[in-house]
Protein chains: 2
Amino acid sequence: MTDPLQTGATIGILGGGQLGRMLSVAASRLGFKTHIFEPGANPPAGHVADRVTTAPYEDADALRSFAQSVDVITYEFENIPAEALDLIETIRPVLPNRRALATSQDRIVEKEFLTSLGLKCAPYANVETAEDLTAAVEKVGVPSILKTRRFGYDGKGQVRLKDSTNPTSAWQELGETPCVLEGFIDFTHEVSVIGARAQDGAVTCFDPGENVHRDGILHTTTLPAKLNRSQHTDAIILTGQILNALDYVGVMGVELFVTPHGLIVNEIAPRVHNSGHWTQNGCVIDQFEQHIRAVAGWPLGDGKRHSNVVMTNLIGEEVNDVATLSQDSSVGLHLYGKAEAKPGRKMGHVNKITGPA
Amino acid sequence: MTDPLQTGATIGILGGGQLGRMLSVAASRLGFKTHIFEPGANPPAGHVADRVTTAPYEDADALRSFAQSVDVITYEFENIPAEALDLIETIRPVLPNRRALATSQDRIVEKEFLTSLGLKCAPYANVETAEDLTAAVEKVGVPSILKTRRFGYDGKGQVRLKDSTNPTSAWQELGETPCVLEGFIDFTHEVSVIGARAQDGAVTCFDPGENVHRDGILHTTTLPAKLNRSQHTDAIILTGQILNALDYVGVMGVELFVTPHGLIVNEIAPRVHNSGHWTQNGCVIDQFEQHIRAVAGWPLGDGKRHSNVVMTNLIGEEVNDVATLSQDSSVGLHLYGKAEAKPGRKMGHVNKITGPA
């Protein structure tokens, strides 16, 4: 455990998208400056950061001077190249830790980790060869879903296997890269828990939210989620178990399928999570500040929920509804300042307050 | 009335202190960029702004290119030189408007304006000459308080006249500048209302907060304030009256003395106000976002209070209590990232949640 960061310190953030942007704002509340490292030009996080480095993750010099200019490093996405981490880890602490990243970067490693904790996942099988694929279909069955082991997000890197589908062509579609075949789960709905763990091991979780996806992208998160008391408790406890097992520091998103036979872990994300955006208008301390507090070595804040909220993502052209949405005084708007509203692009979100908690 | 600003637009902010900093963060939530104009180096607002211009208000070229780079201009303090306003007003809209600024920049103009609305102020007299001073003391009496008409803040530019005080030496202490002599009011406590008015004339006010000062600087603001129902209503109505009379756009702070004979207006501030900082943890939309919404031509958001809050300023070395304060999970911390904790300097504030509203 390192000393708590003093106000005035600088937090380095790998990735300059909307998550980095909202992390940067949270850091400012605690008196920290931020330095964003992002390959793409004009990153949304740069509008609210003290410094921005625009360079690819392969630029060792840029990474080195970035790391030297900050006091601690965190990230807004899990697909950071290992070589970049190898380099900056020698200069400054990177939080959440490497194990959390390695676990969540690879769906097989993740599932093995979760299973080792006694948690339930969907039936799955590893696919690295054509023989694996045949064996996997035999084991998991169809319908099922073939996912790349690495670099998938927002429904990308996934193909569904139906009865009629030729598994081989599905695998070819994914570039014959290492995959996992996942069985379908008979679940009633999906919830997620945003958990936080401090450097001293303290854990706190926000209330679970209920997620609805559309075209593979999160559409809404609704608080409270439909969970009975024991499901609610299970969701919180298993999140704490995952955080502790990884000696985790920071905020993590844990996606869960709710079934009549218990909760099944879909996936974990070692970062602030889209399904935790509701905390900005539903809690005194939001997920972004909890994450900054944790990586700064500070105690966690109050994550109690004061309001019921429905978070809705604004995807692509939906951001043009802002003029109308802004007229609803019960809506908290959060726009990312992205220049162009491409299809499928997350442009912002709204948190509609539906009543007191 | 101008068209609403589109997300991606840039808001210019005159002044780069903590108010500019928190305005900049609020602007980012709505997808706006900010450009800070500030004479001092390394302004707190610069840590979370897209652009910073460091130049004095006398630098016409810097002002001109600042104004040209933004879509609308607002400010975090009322003492902007008139010449600077003359220049930038020809290039971009400046909100709140010039009349609001001129009114609040001069205590005599302000009191005449308030009186003209039928609102009550403390007894006062103008002091521009030695003869005025004698007449003022005769009219207002002692004990009373001599204040410079312009440029006073946080108890600066004020001297108390007690029985024993020589009025002339008090005036000399203030540089024999134009002053106002104000009579003491027999008030039980001070409250303030943070009101907002949109470009379409819609008005919304946050719940009044109760203020306690220490050494002339705001110490705490407590919600709810001790006000009976009719006082509460009076406070809101008179704030709306002031906003309407000035054709105001933006957030205004109105300080009120509570007396057995009604509310007396102490002063108005044409900007976001220290006594409105509690809104950050007590409401879904805080005063900073209301201000940005108003100057951007957007509808105002939901200012309903969901929690009881005590806001406490961290002055000077008090910022060193952060390590302890951060352990109280009911406390929302807001630090300004200022390098040096000088005595009397506002370094941050905390909003302690004391229960649901």
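Chain letters run A, B, ... following the sequence lines, proteins first and then strands; every chain starts at 1. The analysis underlying the following values was restricted to heavy atoms, covering all of them including side chains, and did not include hydrogens, waters or symmetry mates.
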A.B. asks: Is chain A contacted by the side chain of Val284(B), its backbone, both, or neither, given a heavy-atom distance below 4.5 Å?
C.D. replies: both
A.B. asks: Please tabulate, one pair per line, the N or O donor-acceptor pairs under 3.5 Å between chain A and chain B.
C.D. replies:
| residue | atom | partner | partner atom | Å |
| --- | --- | --- | --- | --- |
| Arg21(A) | NH2 | Ser28(B) | O | 2.6 |
| Ser28(A) | O | Arg21(B) | NH2 | 2.6 |
| Arg29(A) | O | Leu335(B) | N | 2.6 |
| His47(A) | O | Asp50(B) | N | 3.2 |
| Asp50(A) | N | His47(B) | O | 3.2 |
| Asn281(A) | ND2 | Val284(B) | O | 3.4 |
| Val284(A) | O | Asn281(B) | ND2 | 3.4 |
| Arg293(A) | NH1 | Ser326(B) | O | 3.4 |
| Asp302(A) | N | Ser329(B) | O | 2.9 |
| His306(A) | NE2 | His306(B) | NE2 | 3.2 |
| Ser326(A) | O | Arg293(B) | NH1 | 3.4 |
| Ser329(A) | O | Asp302(B) | N | 3.0 |
| Leu335(A) | N | Arg29(B) | O | 2.6 |

A.B. asks: Name the region of Ile353(B), side chain, backbone, both or neither, that has any atom closer than 4.5 Å to a heavy atom of chain A.
C.D. replies: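 Only the side chain of Ile353(B) comes within 4.5 Å of chain A.
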A.B. asks: Under 4.5 Å heavy-atom distance to chain A, tell me which part of Ile285(B) shows up: side chain, backbone, both or neither.
C.D. replies: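 Contact with chain A involves the side chain of Ile285(B) alone.
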A.B. asks: Answer with side chain, backbone, both or neither: which region of Val331(A) has an atom nearer than 4.5 Å to a non-hydrogen atom of chain B?
C.D. replies: backbone
A.B. asks: Quick one: of Ala339(B), Gly31(B), Cys283(B), who has the most non-hydrogen atom pairs under 4.5 Å with chain A?
C.D. replies: Gly31(B)
A.B. asks: Any idea which heavy atoms bring Val25(B) and Val25(A) closest together, and the distance?
C.D. replies: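 That closest heavy-atom pairing would be CG1-CG1, 3.3 Å.
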A.B. asks: Side chain, backbone, both or neither: which part of Ala49(B) has a heavy atom under 4.5 Å from chain A?
C.D. replies: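 Just its backbone gets close to chain A.
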